[in-house]
Amino acid sequence: MAQRYWLMKSDPDTFGLKHLKRSRDQTTCWDGVRNYSARNLLRDQIQKGDAVLFYHSQLKPPEVVATAMVVRAGYPDPTQFNPKEPYFDSESARDAPRWYAVDIQLDAELANPVTLSRIKETPGLENMVLVRRSRLSVQPVTSEEWKIILRLGR
DNA sequence: GCCAACGTTGGC
DNA sequence: GCCAACGTTGGC
């Protein structure tokens, strides 16, 4: 099976690279996604073994900081059922979960984080979803885009 | 099923 | 902190 590539955004104040590095086995549940397009990717497309660009949004500057690996494919996001969670969704039923999560494990930190402005000015990256449809928090990346980003990040 | 109002994301 | 883009909700 062809390996596939994704980009996942995180707010470093909430859960960034430093949190991922401190997590057990440097693995975390990628939960809290509450957007249907992103949900569909988590539920239907993203497979164990797929590779992930770990992106810090909302910061100065926003940038790709690391690569990660999907270690568990889509499963119901546990936070949707917990009333104590900010991501609790009272409308979601256990036998018909609305939201999904995957588990990802840190692979490698980029020696040189690749900023959004660099991505925007690099030929071959102009069609990245990150550039064209910036709000999607989980998005597909082509193998060509993956190679270019990793080269820039070395 | 349309679309206005509203809420959120995220770059700047 | 502002605000543009755009996703979601809900009245009709």
Side-chain angles (χ1 to χ4, degrees), chain A residues 4-23 28-46 50-70 73-104 106-142 144-154:
Chain A
R4 292 182 302 175
Y5 304 93
W6 310 95
L7 181 146
M8 297 189 189
K9 290 182 189 172
S10 76
D11 172 0
D13 290 337
T14 309
F15 191 97
L17 179 58
K18 70 172 189 229
H19 302 91
L20 181 59
K21 287 167 83 172
R22 282 203 302 263
S23 302
T28 191
C29 173
W30 201 254
D31 59 21
V33 172
R34 296 293 181 267
N35 166 284
Y36 287 104
S37 305
R39 186 281 309 270
N40 292 344
L41 295 176
L42 292 170
R43 185 187 60 189
D44 305 331
Q45 300 291 324
I46 301 181
D50 286 356
V52 174
L53 294 172
F54 194 89
Y55 177 85
H56 280 168
S57 63
Q58 334 239 53
L59 226 54
K60 32 73 188 170
E63 58 192 6
V64 177
V65 292
T67 57
M69 171 91 70
V70 176
Y75 61 97
D77 179 345
T79 64
Q80 70 193 301
F81 303 123
N82 183 350
K84 295 199 176 72
E85 280 282 345
Y87 294 120
F88 176 63
D89 182 350
S90 60
E91 311 268 297
S92 185
R94 284 189 183 271
D95 58 358
R98 180 178 290 179
W99 307 112
Y100 281 72
V102 299
D103 288 354
I104 64 168
L106 178 64
D107 177 22
E109 224 173 314
L110 295 186
N112 294 295
V114 181
T115 63
L116 178 60
S117 59
R118 193 150 180 230
I119 287 172
K120 284 179 171 170
E121 70 194 23
T122 300
L125 299 181
E126 53 279 298
N127 288 321
M128 280 190 78
V129 180
L130 189 65
V131 176
R132 302 188 71 99
R133 194 181 155 208
S134 68
R135 290 186 59 203
L136 194 60
S137 64
V138 177
Q139 48 182 260
V141 171
T142 69
E144 290 75 18
E145 290 162 352
W146 174 271
K147 281 182 216 147
I148 294 171
I149 299 266
L150 285 212
R151 193 179 330 122
L152 294 174
R154 274 201 303 252

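Both backbone and side-chain heavy atoms feed into the values below; hydrogens, waters and symmetry mates do not. Labels below follow one simple rule: chain letters A, B, ... track the order of the sequence lines, proteins then strands, and each chain is numbered from 1.
For the pair T28(A) and D103(A), the minimum side-chain heavy-atom distance is 4.5 Å or more. Counting heavy atoms from C-beta outward, L7(A) and M128(A) have side chains that approach closer than 4.5 Å. Looking at heavy atoms from C-beta onward, S10(A) lies in side-chain contact with W30(A) at the 4.5 angstrom threshold.
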What donor-acceptor contacts under 3.5 angstrom involve side-chain atoms of residues 120-127 of chain A, with partners at least two apart or in another chain?
| unit_1 | atom_1 | unit_2 | atom_2 | d |
| --- | --- | --- | --- | --- |
| T122(A) | OG1 | R118(A) | O | 2.6 |
| E126(A) | OE1 | G124(A) | N | 3.3 |
| E126(A) | OE2 | G124(A) | N | 2.9 |
| N127(A) | OD1 | R132(A) | NH1 | 2.7 |

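Shown here are the ring-ring contact (aromatic ring centres under 6.0 Å, His included) partners of F88(A), two or more places apart in sequence or in another chain: there are none. By the side-chain hydrogen bond (donor to acceptor under 3.5 Å, both in side chains) test, N112(A) is found to be paired with no residue, residues two or more places apart in sequence or in another chain being considered. Under the ring-ring contact (aromatic ring centres under 6.0 Å, His included) criterion, F15(A) pairs with H19(A), sequence neighbours left out.
Using a 4.0 Å heavy-atom criterion, one finds that D11(A) contacts no nucleic acid atom at all.
A donor-acceptor pair shorter than 3.5 Å cannot be found between the side chains of R135(A) and S37(A).
Less than 4.0 Å separates DNA chain B from no heavy atom of any residue of residues 123-133 of chain A.
Of all nucleotides in DNA chain C having an atom under 4.0 Å from a heavy atom of chain A, the first and last in 5' to 3' order are dA5(C) to dT8(C).
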